[in-house]
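Please read the structure below before turning to the comments.
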Amino acid sequence: LDTALDLKSLSRESLPEALLNPLTAIEHLPRHTCAAGDVDAIRHGRAIPAGDFAGNDTDELIAVVTPDEQLACLAAVQDDRLTPKNVFVR
């Protein structure tokens with residue numbers, strides 16, 4: 001709440017700058033940076049290689065980020081692959 005803004009102070013022009021990066025809300029989750037070529041698979045809901053998470057099948061969510069640090073999806077590890085559960089890339 002210390003960083004909250006008064007809604008009356010927001011405008012169309014100031015809104016993009018006022019928004020927080022979504023990664024701040026999930027910084028407690030483990031993170032995997034996917035390869036650039038994996039982004040299209042994620043976009044279509046397909047699983048990608050689990051990298052360091054291979055062999056650790058779990059329902060715990062992993063934050064998958066693109067090489068340029070954008071949130072791509074939240075995924076679970078299944079059969080040594082990261083299976084998207086919530087996709088955020090277009």
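Worth knowing before you read on, the calculation uses all heavy atoms, side chains too, and leaves out hydrogens, waters and symmetry mates.
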Heavy-atom distance under 4.5 Å between the side chains of Thr33 and Glu69, does that happen here? yes
Is the shortest heavy-atom distance from the side chain of Pro49 to the side chain of Asp80 under 4.5 Å? no
Going hydrophobic residue to hydrophobic residue with side-chain gaps under 4.5 angstrom, can you get from Leu15 over to Leu20? no
Is the closest side-chain heavy-atom distance between Val64 and Leu74 below 4.5 Å? no
Side-chain heavy atoms under 4.5 angstrom apart, residues restricted to Ile, Leu, Val, Met, Phe, Trp, Tyr: same cluster for Leu23 and Val89? no
Test applied, side chain to side chain contact (heavy atoms under 4.5 Å, CB included); reference residue, Ile62; option that passes from Asp52, Thr83, Leu82, Ile26: Leu82
Close side-chain approach of Cys73 to Lys85, heavy-atom, < 4.5 Å: no
Does some side-chain heavy atom of Val87 sit less than 4.5 Å from a side-chain heavy atom of His44? no
d(Ser11 OG, Glu17 CD) to nearest 0.5 Å is 10.0 Å
Using a 4.5 Å cut-off on heavy atoms from C-beta on, say whether the side chain of Arg31 contacts that of Val65. yes
Which pair of non-hydrogen atoms, one from Ala36 and one from Pro67, has the smallest distance, and what is that distance? N-CG, 3.6 Å
Counting distance only, does the side-chain N/O of Asp79 pair as donor-acceptor with the main-chain N or O of Arg81 below 3.5 Å? no
Can you get from Leu10 to Leu19 by hopping between Ile, Leu, Val, Met, Phe, Trp and Tyr side chains that sit under 4.5 Å apart? yes
If you look at every heavy atom in Ser9 and Asp6, which pair is closest and at what distance? OG-O, 2.6 Å
Do you see a donor-acceptor pair shorter than 3.5 Å between the side chains of Asn56 and Thr58? no
According to a hydrophobic-cluster definition based on side-chain heavy atoms being under 4.5 Å apart (Ile, Leu, Val, Met, Phe, Trp, Tyr only), do Leu71 and Leu61 belong together? yes
Within a radius of less than 6.0 Å around CG of Asn86, do more than 12 heavy atoms belonging to other residues, nucleotides or ligands occur? yes
Less than 4.5 Å apart, any side-chain heavy atom of Phe53 and any of Pro30? yes
